[in-house]
Amino acid sequence: MDRRSFLKDAAGALAGGAAFGSAAQSEPPQQRQEAETESLTTDRCGADCMVDVVKAVGLEYICANPGSSFRALHESIVNYGGNARPELITCCHEESSVAMAHGFAKIEGRPIGVMAHGTVGLQHAAMAVYNAYCDRVPVYIIVGNTLDATERRPGVEWTHSVQDAASLVRDFSKWDDTPISLEHFAESAVRAYKLAVTPPMGPVLLVADSELQERPLAADFKLRVPKVTPSAAPQGEMAAVTEVAKLLVAAENPVIVADRVARTPAGLASLVELAETLQAGVIDQGGRMNFPSRHPLNQSGQGRAAIGAADVILGLELTDFWGTVNTFRDQLHRSSRSILKPGAKTIAISTRDLAIKANYQDFQRFPDLDLSIAGDAEATLPSLVEAVKRLATADRRRVFAERGKKLAEASQNAHDRARSDAGYAWEASPVTTARLSLELWEAIRHDDWSLASYLNPVSGWPMRLWTFDKHHQFIGGSGGSGIGYTAPASVGAALANKKHGRLTVTIQPDGDLMYAPGILWTAAHHHIPLLLVMHNNRAYHQELMHLQRMANRHNRGVERAHVGTTITDPNIDYAKVAQGLGVYAEGPIENPTDLAPALKRAIAVVKKGEPALVDVVTQPR
Amino acid sequence: MMMIGVWILVAMVRLKPDPTTEVWLQPDATTEWRTPIVRGVRLQPDHSDVDRGKQTYMRVGCYQCHGREAQGASTGPRLGPNPLPLAAFTRAVRTPRNDMPPYGAKILSDGELADVYAFAASRARPHQIPK
């Protein structure tokens, strides 16, 4: 029986009032007989097959705020699928669902699912999809929709239906499809997974039509699910890789700049091997956990000076090569200049050119390059390392060793300087971001920890002060700088870290949390252990600084720059907010000496498997 | 010419004692900051300059990028307790070469700027963080 006849029968039954009291008495005998034989239940439905497919591709979780357009799929996941692999994670906002999946994927290297309405849910989710797209992170999104207008319930099902649901995010997702049969769904679901995890990775979207979801199926219906075979990552062309190796070996002062390189721990290890083979400095731009923070060749603290002194710059998966080798001055008259020394060679190995779209301008300004390789940097690094080893003569190795000594000294000096700098305003209230970072480091350093927040809001202190040497210890930033990412992405990262027994911490900006604080409830409800340490500067501080820039530029002074940019009057009590959502919380902490004991108590809660929040009133940056 | 520059420096920082005496800048081995020395006596800005400087520092929003104690951040360098020489400090505030918002005389007078300088110079030395 197809759904149309199923529904017609049901409508007939209801119109005839077969089940509703006295009206049935006036029903003609023939209609009453049809209603009595009508089948109103089924033991299998299309959504069950969709769950089979989702299990086959290996989605461990599905994050969702419930919605009627995917009600059958929801029900099949929790009943037919046993609510295990995938397990449903209840989110309070679709933006949180996608950002959770974003954070999860950056720890595990593979996607989890998101379900949403094809209309209002995807509209909520759109910014987070953009973040994942910019960050080259796989997220697997299934949206519900009712394409057949004659099947829609009057009212809200019409407002929640759309001709082309995926069009909303097509500009910033990797692939989508709207299957019109279950067989089509199975093939597209496997294709979507394969594309999502092939570098350059990205979010993908499938539309699950409600007719397909709710279609009754015979008990013995079997759906063929294609084999899931992820593609090997695209590697740089070997002759070009050899040319890169020649330039690097011959260089007197090569610098390696890394952004979204290390998709996996293997990427980190390969970059270390390349740097050590060459004894070349590495500048980690922080898109991923690319390079150990205390490695003697880490020159991130000398960023621009190191690039300015280099004769060969190798950029690996750089978001912005042009911005790496140029300065840009944001004054009344904008200007820029190259920081490269004359004759310096620039080389890019990146997947950026393999996935670029026109509308959204995340691709940055076009750089001058001497050599450009389209390929995944992590996949290409082993070949590059081997080529460098083949070409490095004993003479060159002696040069490398001398260079390495100088770089090690510079790296140690940078670290010593960072520790000295962190001591300024040590007793200040509000608490400095340096002290917050050091107190947190002291509290977690002996655990297997993972930092899920980006570093810009706290002046990069953790990367300057802590020892990062494992891939899971840092996951980079949002990608698209869409605010509201950090809290849900941290919960997603914590969900991924949970089975590994890791202590996940995040330095949580206040403005970011206020986009969708319901994510704290999700963490509490699902017992996701995460320590959130509030960086509560009571402002949308980046924007406040922009207002200051405009006000001074226009000779009006900054006295009103706080209007529309600060989060005061009243000050938000984040501990109470968190407590109200079921999360252990302390604060607000204004005296820095109160911080260490509060962190200790909160970490004890996290180690019991629950989230905890410590609200710290902080300096602006 | 050099003496004119010294006069301006002394007037802006409102140093005591007598600003007509010869002043020059010497590196300080203990704090690194360049402290005006007059005939072997280190000159310190008085408390009223520092207090006014702090008020101005907060009012005109220096703290948003440089921190409330001028300790510095990724958004703006540390300003104290060893600030740039005043002339360079003034140039950096009036006509910044980088992205810093320019502070023209309409929104920050020379006297106020000198107070801010005094505030920055008076900041505490760093806490020694154990290894």
Side-chain angles (χ1 to χ4, degrees), chain A residues 327-332 334-335 415-416 418-435 438 441-442 455-461 464-465 537 539 541-542 544-562 565-566 592 618-621, chain B residues 30-33 50 54-83 91-109 112-113 116 119-131:
Chain A
T327 60
F328 191 92
R329 187 166 177 254
D330 180 10
Q331 293 288 2
L332 189 60
R334 297 183 175 195
S335 59
H415 183 69
D416 292 345
R419 287 186 71 83
S420 171
D421 287 349
Y424 285 97
W426 186 252
E427 304 295 340
S429 176
V431 180
T432 67
T433 53
R435 180 152 188 184
L438 265 178
W441 172 235
E442 287 302 321
L455 304 172
N456 277 4
V458 289
S459 291
W461 282 114
R464 296 178 69 192
L465 299 169
N537 60 14
H541 189 71
Q542 187 71 39
L544 199 161
M545 290 187 292
H546 278 300
L547 259 286
Q548 285 194 333
R549 182 181 310 285
M550 291 300 102
N552 274 17
R553 188 176 292 179
H554 304 147
N555 272 323
R556 293 165 185 154
V558 304
E559 278 83 351
R560 293 187 176 187
H562 68 281
T565 56
T566 53
T618 50
Q619 302 258 336
R621 276 283 195 264
Chain B
T30 55
T31 64
E32 295 179 355
W33 74 295
V50 173
K54 181 170 187 175
Q55 288 173 17
T56 304
Y57 183 87
M58 300 301 289
R59 180 176 57 79
V60 303
C62 307
Y63 76 99
Q64 300 285 8
C65 299
H66 298 278
R68 288 170 181 259
E69 297 297 324
Q71 76 272 15
S74 58
T75 45
R78 178 166 55 79
L79 302 178
N82 48 344
R91 273 199 305 276
V93 172
R94 297 286 190 223
T95 53
R97 295 181 62 190
N98 52 18
D99 277 358
M100 174 171 155
Y103 281 78
K106 279 187 183 176
I107 53 176
L108 184 69
S109 70
E112 288 172 326
L113 199 158
V116 168
F119 167 71
S122 70
R123 296 303 81 208
R125 295 177 61 199
H127 167 81
Q128 295 302 309
I129 297 164
K131 295 277 182 185

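Lettering of chains follows the sequences in order, A, B, ..., and the numbering in each one begins at 1.
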Taking only residues at least two apart or on different chains, which pairs with a member in residues 54-74 of chain B satisfy salt bridge (charged side-chain N to carboxylate O under 4.0 Å, His left out)?
A/Glu559-B/Arg59, B/Arg59-B/Glu112, B/Glu69-B/Arg123

Using non-hydrogen atoms and a 4.5 Å limit, figure out which bit of B/Asp99 sits close to chain A: side chain, backbone, both or neither.
both

Mark yes or no for whether A/Gln331, through its side chain, and B/Met100, through its backbone, hold a donor-acceptor pair below 3.5 Å.
yes

Working to the nearest 0.5 Å, report the span between OG of A/Ser459 and CD of B/Gln71.
8.5 Å

Inter-residue atom distance A/Arg435.CZ - B/His127.NE2, 0.5 Å rounding
7.0 Å

Closest approach of A/Tyr424 and B/Pro81, non-hydrogen atoms and distance?
CE2-CD, 3.4 Å

A/Arg329, CZ: over 12 other non-hydrogen atoms inside 6.0 angstrom:
yes

With a 4.5 angstrom heavy-atom cut-off, is it the side chain or the backbone of B/Pro77 that approaches chain A, or both, or neither?
neither

Side chain, backbone, both or neither: which part of A/Gln548 has an atom under 4.5 Å from a heavy atom of chain B?
both

Nearest heavy-atom pair of A/Ala422 and B/Ile129: which atoms, and what distance?
CB-CD1, 3.7 Å

Tell me, out of A/Asn552, A/Leu332, A/Asn456, A/Asn555, who's got the most heavy-atom pairs with chain B below 4.5 Å.
A/Asn552

B/Pro96, B/Gly76, B/Gly67: which one forms the most heavy-atom pairs within less than 4.5 Å of chain A?
B/Pro96

With heavy-atom distances below 4.5 Å as the criterion, would you say the side chains of B/Pro126 and A/Trp426 are in contact?
no

Identify, with sequence neighbours excluded, every residue that meets side-chain contact (heavy atoms from CB on, under 4.5 Å) alongside A/Leu455.
A/Leu451, A/Pro462, A/Met463, A/Phe474

How many angstroms lie between CD in B/Gln64 and CG in A/Asn537, if you round to the nearest 0.5 Å?
8.5 Å

Judged by atom type as modelled, is there a donor-acceptor pair below 3.5 Å linking the side chain of A/Arg419 to the main-chain atoms of B/Pro130?
yes

